[in-house]
Amino acid sequence: MSKILIRGAKVLGAEARDVLVDGEVIEAVGTDLSAEGAQVIEAEGRILLPGLVDLHTHLREPGREDSETVLTGTRAAASGGYTAVFAMANTFPVADTAGVVEQVYRLGKEAGYCDVQPIGAVTVGLEGRKLAELGAMHDSAAGVTVFSDDGKCVDDAVIMRRALEYVKAFGGVVAQHAQEPRLTEGAQMNEGVVSAELGLGGWPAVAEESIIARDVLLAEHVGSRVHICHLSTAGSVEIVRWAKSRGIDVTAEVTPHHLLLTDEMVRSYNPVYKVNPPLRTERDVMALREALADGTIDIVATDHAPHPHEDKDCEWAAAAMGMVGLETALSVVQHTMVETGLLDWAGVADRMSVAPARIGQARGHGRPVSAGEPANLTLVDPAYRGVVDPADFASRSRNTPYEGRELPGRVTHTFLRGRATLVDGKLA
Amino acid sequence: MMRHLISAADLTRDDAVQILDTAEEMARVADRPIKKLPTLRGRTICNLFFEDSTRTRISFEAAEKRLSADVINFAAKGSSVSKGESLKDTAQTLEAMGVDAVVIRHGASGAPYRLATSGWIDAPVINAGDGTHQHPTQALLDAFTMRRRLVGRDAGLGQDLAGKRVTIVGDVLHSRVARSNVDLLHTLGAEVTLVAPPTLVPVGVEHWPCEVSYDLDSVLTKSDAVMMLRVQRERMNAAFFPTEREYSRRYGLDGDRMARMPEHAIVMHPGPMVRGMEITAEVADSDRCTVVEQVANGVSIRMAVLYLLLGGNESQSTRTEEK
């Protein structure tokens, strides 16, 4: 592999530096580095970040290849600046055995656009009754460390307790989809002023908050760590803040869409805004942004959830829940966090690469941009302004809530261990 | 007038009064030996009913036929919908057959709005009830009934319901009738109070233009109209209230309670009534109960809506403007 010189990029948003990549690693970071024998990328004005890591991606394969495959999903990831994604377990069949997680892991290797780290189901079939063979998935070639029934809540307190305890044996973490099932029967959107008017079944904030409260207390009791998926309410922020102040080992994620969109969007009855957990209120959005800025929420995770057109081109109640997010995540974070002054680019690097890599134990990712480190890098043009056109997506699905919306910033290059997966905004 | 009728909240005061006045004209047709107008001759209207409904469907059909429209009735049961066809495909199929307007009843809140705004079809859409969202023609026929009874058939022309106190009692949470009535009655200047056990009032109701009370007896004496909503027995099993008898005792309308209402006050019900649950037979069969009138008025209101949306205002908006 030849050398690449990224010239004049602001590393993590700081002063401009040259970054020389040789083979799979960063050879040098400095000023006026020699371009001899290297392909040069003029990167003045751009931001260089460690390759982004998504702890929450739905790649849909096996089972729903009509909406996404490991190949198309990882192409979307590379387009969005990601070098590693964690693939959720709610596939068909469910990723609850060593066989399935190894299959997904192998498909990721073959695709080659980013590292695919499968997440294992906590319970057999995501049914919440019987623990899946967590140890077998960990010991498999996929080396699973993150376990989640995402899409469903591990609502049985005893099963959750056992899972939290059990994964300590191999340093795993349980990622909880916090949704009390009885409180959300028939839920279609956030319960509040808008749902009352629209006559859509309410998904109350308390259904999320009560599970988070229970689970941080469980984690404390058994001395385990717990990760909270797609935290969406101001109340959840308060609970996590309290838990952290108490020393409980909890981490939490927020999605880009919960940082930007509110339940007012649902007035259109356009199912492109239908997602689980649902879009909340302006007050929640502001609380989530603040919590991400102050570190109460550790990371941004996309919850990239591709669905075929027909599953959204219908009445609200019949539509699937979820939005694609890999290709717009960084722009939304720039828009909601950087341009509002809440987070600098070093903060973005932490929330979208360093911290998710640490939580998920993604080796070689989320590392400093310095000599000797693996060359997993993302180059961003923050001055770019463009309107989101789903036709440009690499994802097989188009269910974005941002169609026609102007968002800032564009990933121009992504490097996976020194190999460009995205060049000038085009997949390599 | 607007192109579609999706929500009672979309109507201005003048729109609503125009519909009520037009309905009075239509009601006169019903008094004639031949109850038919040629207004919609040659136009085809499809009644697209995805949810079981007898009275609303028949009411629309009667209204359409009295305006000489050709009527197609489509019920989802036993149709291609039960074979998995989408709303979009069903609607486009019907439009391809030359339907000029679609009257839709659907179990999913927002389905008529989607049909009207997603570019799936061009025809005007009239909401005949969607999920727990809206039922605008029901609200219009209720307002029509109230105006006739409380203001007067002739005296009411051109008038709204300013200052009238309307109490709506029952399962507000699951009721499209309640939502539509709150919107329309507020627009027409009436003061609305919702009465229900707290479990059957939606979170967020504090933003509605009405009052909420948990105590029926305290508001009865101040009501010009009391509208009882149907309470489905299965709500009991979902713990919305403990027993049918307790519900009836606290929120049902019986003879004793009716006697405490002002003398001029009327009792309304959108039907179908659950006698013995929210309303006793004594009340349902009394002269003060307008249930049967509401049904008759429903036909006049639906004639007025169809007339104004499809045929009656070509002088105001020429057909070319729609393209």
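Just so you know, these numbers come straight off a predicted model, no measurement behind them. Here is how names work: the chains are called A, B, and so on, in the same order as the sequence lines, proteins then strands, and each is numbered from 1.
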**Prompt:** Does the side chain of A:Tyr269 come within less than 4.5 Å of B:Ser118's, by heavy atoms?
**Reply:** no
**pair B:His133-A:Leu200: side-chain heavy atoms closer than 4.5 Å** = no
**Message:** Around atom CZ of A:Arg385, are there more than 12 heavy atoms from other residues, nucleotides or ligands closer than 6.0 Å?
**Reply:** yes
**Message:** Please classify the contact of A:Arg182 with chain B as side chain, backbone, both or neither, using a heavy-atom distance under 4.5 Å.
**Reply:** neither
Identify all side-chain donor-acceptor contacts of residues 186-198 of chain B below 3.5 Å with residues at least two apart in sequence or on another chain.
residue	atom	partner	partner atom	Å
B:Thr187	OG1	B:Asp183	O	2.9

**Message:** Show every ring-ring contact (aromatic ring centres under 6.0 Å, His included) that has at least one partner inside residues 184-217 of chain A, sequence neighbours left out.
**Reply:** none
**Prompt:** Above 12 or not: heavy atoms from other molecules or residues under 6.0 Å from CZ of A:Arg214?
**Reply:** yes
**Item:** Heavy-atom pair count under 4.5 Å with chain B, highest-scoring of A:Val194, A:Val193, A:Leu198, A:Asp313
**Value:** A:Asp313
**Request:** Determine the minimum heavy-atom distance between B:Pro202 and A:Ala196, stating which atoms define it.
**Result:** CB-CB, 3.9 Å
**Request:** Just give me the residue among B:Gly107, B:Gly204, B:Ala9 that pairs up with chain A most often, heavy atom to heavy atom, under 4.5 Å.
**Result:** B:Gly204
**Request:** Among B:Arg114, B:Lys88, B:His106, find the residue that satisfies the side chain to side chain donor-acceptor pair (under 3.5 Å) test when tested with A:Glu315.
**Result:** B:His106
Hey, can you pull the donor-acceptor pairs under 3.5 Å for the side chains in residues 389-398 of chain A, sequence neighbours left out?
residue	atom	partner	partner atom	Å
A:Asp389	OD1	A:Ala391	N	3.0
A:Ser395	OG	A:Glu68	OE1	3.3
A:Ser395	OG	A:Glu68	OE2	2.8
A:Ser395	OG	A:Ser397	N	3.0
A:Ser395	OG	A:Ser397	O	3.3
A:Arg396	NH1	A:Glu65	O	2.7
A:Ser397	OG	A:Ser67	O	2.7
A:Ser397	OG	A:His307	N	3.4
A:Ser397	OG	A:His307	O	3.2
A:Arg398	NE	A:Pro390	O	3.1
A:Arg398	NH1	A:Ser395	O	2.6

**Item:** Neighbours of chain A found in residues 206-216 of chain B - heavy atoms under 4.5 Å
**Value:** B:His207, B:Trp208
**Asked** Between OG of B:Ser7 and CD of A:Glu197, what distance do you get to the nearest 0.5 Å?
**Response** 8.0 Å
